[in-house]
Visitor: 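Below you will find the structure I want to go over with you.
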Amino acid sequence: MEDVPVEVIGEILSRVETARDIVIASATCRKWRKAFTKHLHTLSFNSNDLPFYGDLTSSKHEILITQTIFQTTGLQKLSILKYYDNDDDEFSASALVAWLMYTRETLKQLFYNVKTSPNINILELCGRQHQLEKLVLGHNSIIGVEPNFQRFPCLKSLSLGHVSISALDLNYLLAACPKIESLELVAPEILISDPQVTVELASSKLKNVYVEGISLEKFILEADCIERLHFKDCVIDVFELIGKGTLKHFEVDKVTIIHFEIGDTHENLEIVDISSFTIIWPNFHQMITRFTKLRRLRLWDIDFGEEDEIVDLETIAVCFPQLRSLSYDLKEWVLLHGLQGDVDLENLVVVELRWTTLTDLFVHWVEGVLNRCPNLQKLVIYGIVSGAKTREECQILANFTTSIVQLMRRFIHVDVQFEYE
């Protein structure tokens, strides 16, 4: 190691996951100590690193963090995370001020997920981080955003988890970040407490949006450059996306939306991933049939309320001529509905089929899909198999296995895989 440049040692230490291990490694020799002081750019303090941190009081933890940070001179990434086994644990505001003021000239990424007492304006502190590009903030409050005074000229990625913030302040915050490209909202507390809130967000540079755990009456997102939109565990009465046709990836998981409108932003959509989605059928049908450039489509566990409607294979073949990957949930009424029409899906190379209740009709459906996809390369079959099974269920599964084996002998060019839950 004597021939290794001190800068390289600093890079090695920066790739160590925890500050505890970095401090131990830096005690190896004088050269490693110099690398720690002069060339370390990443530090991570995590309460999950037991027992080293877990047995410390908050005040002693603060002192340890302060001593470690103040020994560095070029810190670019700082991570201070707390797992809330004990909700009473808090860091003092004075300690946070000291850490951020010391690193204000060099810090580019800040991950801070600890309750702070008393509550302070964290945004004002972060605004003094002249090079800050990524901010991940959790379990704190944001009150009174002033976009004319609080500016984040370099911030590209913002993540707020369990953060109290009003809809107006959230919009002001985006306005204060002229270069922001990625926004993540996880269970924003004020929004959840009032389901009648209307959220309106606007950003000309925003490309990726992830929203989890919100309940809203109306959500309007105006983003001219948006490319990816992902909702998870949300209940929204009305969602409206205003853009310029740049959206490429749309994903929903465990979401209920009564009215969904994306206007003309669907022109370049390539991936639609829908799982556990509740929506009114006319609205869904009007939305999905406009995605003519889709290359990947997943439709799993979609609930249209009282209507047992389906997007059948005929509709998929006609509406999505460029489709290359299809994941389809074969519920009982889908199997009973059968395969409609005779249009082939010539571009499909990957098909994923899932059953919730296995019947003899499933094999016939699989055969119909194989006949309609002349260029298919891979077939993945997903199924739910309970622990205890009746004799009849075992017989159905045995017949299914035999039939699939016989079917695959006719389609030997297709790679078949099974995934059971």
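Positions are given from 1, in the same order as the sequence printed here.
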Visitor: Is K31 reaching over with its side chain to a backbone N or O of V4, donor-acceptor style, under 3.5 angstrom?
Guide: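 Checked: pair present.
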Visitor: Around R298, counting heavy atoms of other residues, nucleotides and ligands shown, do more than 12 lie under 6.0 Å from its CZ?
Guide: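 Count over threshold, so yes.
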Visitor: Is D301 reaching over with its side chain to a backbone N or O of S275, donor-acceptor style, under 3.5 angstrom?
Guide: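 A pair under 3.5 Å: no.
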Visitor: At what distance, to the nearest 0.5 angstrom, does OG1 of T278 lie from CD1 of I302?
Guide: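 These two atoms lie 9.5 Å from each other.
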Visitor: Between S92 and E62, is there a side-chain donor-acceptor contact under 3.5 Å, judged purely by atom types and distance?
Guide: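 Note: E62 and S92 side chains meet the donor-acceptor criterion.
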Visitor: Do F45 and T68 have side chains that approach each other closer than 4.5 Å (heavy atoms only, starting at C-beta)?
Guide: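 Side chain of F45 against side chain of T68, heavy atoms only: contact under 4.5 Å found.
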Visitor: Please assess D415 against Q417 for the test side-chain hydrogen bond (donor to acceptor under 3.5 Å, both in side chains), listing each intermediate value before the final yes or no.
Guide: CA-CA 7 Å; D415 176 23; Q417 299 179 10; 3.3 Å; yes
Visitor: First locate atom CD1 of I69, then atom CD of Q67, and finally report the distance between them rounded to the nearest 0.5 Å.
Guide: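 Rounded to the nearest 0.5 Å, the CD1-CD separation comes to 11.0 Å.
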Visitor: What closest approach, in Å, do I279 and I258 show between heavy atoms, and which atom pair accounts for it?
Guide: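 Heavy-atom minimum between the residues: CG1-O, 4.3 Å.
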Visitor: Between L173 and C177, which heavy-atom pair has the shortest distance, and what is it?
Guide: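 Closest approach of L173 to C177: O-SG, 3.2 Å.
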Visitor: List the atom of P374, the atom of L345, and the distance in Å for their closest heavy-atom pair.
Guide: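 Closest heavy-atom pair between P374 and L345: CD-O, 4.1 Å.
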Visitor: Using 0.5 Å steps for rounding, measure from the OG atom of S203 to the CD1 atom of I180.
Guide: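 S203 OG to I180 CD1: 6.0 Å, rounded to 0.5 Å.
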Visitor: Do D233 and I214 touch side chain to side chain, with heavy atoms closer than 4.5 Å?
Guide: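 No. Closest side-chain heavy atoms not under 4.5 Å.
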Visitor: Please give me the minimum heavy-atom distance between A93 and T116, naming the atom from each residue.
Guide: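 So the two residues come closest at CA-CG2, 3.6 Å.
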Visitor: Looking at residues at least two apart in the chain, or sitting in another chain, which of them share a salt bridge (charged side-chain N to carboxylate O under 4.0 Å, His left out) with R228?
Guide: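 Salt bridge (charged side-chain N to carboxylate O under 4.0 Å, His left out) check on R228 returns E251.
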Visitor: Parallel, tilted or perpendicular: which fits the ring planes of H413 and F411, with parallel below 30° and perpendicular above 60°?
Guide: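 Correct class here is tilted.
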Visitor: Determine whether E419 and V380 make a side-chain contact, defined as any pair of heavy atoms from C-beta on separated by less than 4.5 Å.
Guide: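 Side-chain contact under 4.5 Å: yes.
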Visitor: Can you find a pair of side-chain heavy atoms, one from V350 and one from L348, that are under 4.5 Å apart?
Guide: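 Contact flag for V350/L348 side chains = no.
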Visitor: Using modelled atom types only, decide if a donor and an acceptor are shared between the side chain of T256 and the backbone of V235 within a distance under 3.5 Å.
Guide: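 Not confirmed, T256 side chain does not pair with V235 backbone.
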Visitor: On a heavy-atom basis, which atom in G144 and which in D169 lie closest, and how many Å separate them?
Guide: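 Looking at all heavy atoms of both residues, the shortest contact is N-OD2, 3.0 Å.
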Visitor: Restricting to non-hydrogen atoms, name the atom on L353 and the atom on V369 that form the minimum distance, rounded to 0.1 Å.
Guide: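 Taking every non-hydrogen atom into account, CD1-CG2, 4.5 Å.
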Visitor: Given the side-chain rings of F231 and F239, with only the six-membered ring counted for Trp, is the space between their centroids under 6.0 Å?
Guide: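 When the ring centroids of F231 and F239 are compared, they turn out to be within the sub-6.0 Å range.
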Visitor: Take L229 and L241 through the test side-chain contact (heavy atoms from CB on, under 4.5 Å) and record every step on the way to the result.
Guide: CA-CA 10 Å; L229 177 62; L241 175 62; 4.3 Å; yes
Visitor: side-chain contact (heavy atoms from CB on, under 4.5 Å) between F250 and L269: does it pass, once the steps are laid out?
Guide: CA-CA 8 Å; F250 172 61; L269 259 173; 4.0 Å; yes
Visitor: Test of understanding: with side chain to side chain donor-acceptor pair (under 3.5 Å), list the residues that count as partners of R296, not counting sequence neighbours.
Guide: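 Per chain and number, R296 pairs via side chain to side chain donor-acceptor pair (under 3.5 Å) with no residue.
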Visitor: Would a distance-only check, ignoring hydrogens and angles, find a side-chain to backbone donor-acceptor pair under 3.5 Å from N140 to V114?
Guide: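 Present.
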Visitor: Tell me whether E240 contacts the main-chain N or O of I262 through its side chain, where contact means a donor paired with an acceptor under 3.5 Å.
Guide: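 Judged by distance alone, no pair lies under 3.5 Å.
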Visitor: Can you tell me if OH on Y172 sees more than 12 non-hydrogen neighbours from other groups inside 6.0 Å?
Guide: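 No, the 6.0 Å shell around OH holds no more than 12 heavy atoms from other groups.
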Visitor: If you apply the rule side-chain contact (heavy atoms from CB on, under 4.5 Å), what do you find for L294 with I271, and how did you get there?
Guide: CA-CA 6 Å; L294 276 190; I271 299 174; 5.7 Å; no
Visitor: When you compare the side chain of T401 with that of F418, does any pair of heavy atoms fall below 4.5 Å?
Guide: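 No - every pair of side-chain heavy atoms lies 4.5 Å or more apart.
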Visitor: Would you say I142 and L123 make side-chain contact, with heavy atoms under 4.5 Å?
Guide: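 They are in contact (side-chain heavy atoms under 4.5 Å apart), so the answer is yes.
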Visitor: Would you please indicate if the ring centroids of W365 and Y328 are separated by under 6.0 Å?
Guide: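 Ring centres of Y328 and W365 closer than 6.0 Å.
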Visitor: Considering residues at least two apart in sequence or located in another chain, which fulfil the salt bridge (charged side-chain N to carboxylate O under 4.0 Å, His left out) criterion with E352?
Guide: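 Per chain and number, E352 pairs via salt bridge (charged side-chain N to carboxylate O under 4.0 Å, His left out) with no residue.
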Visitor: Going through the checks in order, is the side-chain contact (heavy atoms from CB on, under 4.5 Å) test met by Q76 and T42?
Guide: CA-CA 6 Å; Q76 298 179 19; T42 300; 6.0 Å; no
Visitor: What's the spacing between H249 NE2 and H230 NE2 if we round to 0.5 Å?
Guide: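 Result: 7.5 Å between the selected atoms.
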Visitor: Got a sec, which residues hit side-chain contact (heavy atoms from CB on, under 4.5 Å) with L110, two or more places apart in sequence or on another chain?
Guide: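 Scan of L110 (side-chain contact (heavy atoms from CB on, under 4.5 Å), adjacent residues dropped) gives L78, L100, L107, Y112, C126, L132, L135.
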Visitor: Can you confirm if the aromatic rings of F219 and F260 lie within a centre distance of less than 6.0 Å?
Guide: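 F260 vs F219: aromatic centres not under 6.0 Å.
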Visitor: List the steps, then state whether ring-ring contact (aromatic ring centres under 6.0 Å, His included) holds for W300 with Y382.
Guide: CA-CA 11 Å; W300 277 10; Y382 292 83; 5.1 Å; yes
Visitor: Would you mind reporting whether K293 and R295 have side-chain heavy atoms less than 4.5 Å apart?
Guide: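 Side chain of R295 against side chain of K293, heavy atoms only: no contact under 4.5 Å found.
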Visitor: For the pair R372 and D344, find out whether any cationic side-chain nitrogen is under 4.0 Å from an anionic carboxylate oxygen.
Guide: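 No, R372 and D344 are not salt-bridged.
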Visitor: Please report whether the ring centroid of W99 lies less than 6.0 Å from that of F70.
Guide: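 For F70 and W99, the ring centres are not under 6.0 Å apart.
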Visitor: Is there a donor-acceptor contact under 3.5 Å linking the side chains of H41 and E11?
Guide: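 Per modelled atom types, H41 and E11 side chains form a pair under 3.5 Å.
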Visitor: Side chains of E270 and N268: is there a donor and an acceptor less than 3.5 Å apart?
Guide: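 No donor-acceptor contact under 3.5 Å links the two side chains.
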Visitor: Is any side-chain heavy atom of I274 closer than 4.5 Å to a side-chain heavy atom of V272?
Guide: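 Touching, per the 4.5 Å side-chain cut-off.
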Visitor: Could you check whether F91 and H61 have their ring centres less than 6.0 Å apart?
Guide: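 That pair passes the under 6.0 Å test.
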Visitor: Is it the case that the ring center of F291 lies less than 6.0 angstrom away from the ring center of F320?
Guide: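 No - the distance between ring centres of F320 and F291 does not fall below the 6.0 Å cut-off.
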Visitor: K134: what forms a side-chain contact (heavy atoms from CB on, under 4.5 Å) with it, not counting sequence neighbours?
Guide: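 Applying side-chain contact (heavy atoms from CB on, under 4.5 Å) to K134 gives Q109, F111, V136, S157.
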Visitor: Between atom CZ of R30 and atom OG1 of T37, what is the distance when rounded to the nearest 0.5 Å?
Guide: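 If I round to the nearest 0.5 Å, the distance is 12.0 Å.
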Visitor: Quick one: does D237's side chain have a donor or acceptor within less than 3.5 Å of a partner on I257's backbone?
Guide: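 Side chain of D237 to backbone of I257: no pair is present.
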Visitor: Nearest 0.5 Å, what's the CD-CG distance between E90 and N119?
Guide: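 Reported value, rounded in 0.5 Å steps: 10.0 Å.
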Visitor: How would you list, by chain and number, every residue that makes a side-chain contact (heavy atoms from CB on, under 4.5 Å) with E124, sequence neighbours excluded?
Guide: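 E124 satisfies side-chain contact (heavy atoms from CB on, under 4.5 Å) with N121, R128, Q150 once adjacent residues are dropped.
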Visitor: Counting only N and O atoms by type, is there a donor-acceptor contact under 3.5 Å from the side chain of Y102 to the main-chain atoms of T72?
Guide: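 A pair under 3.5 Å: yes.
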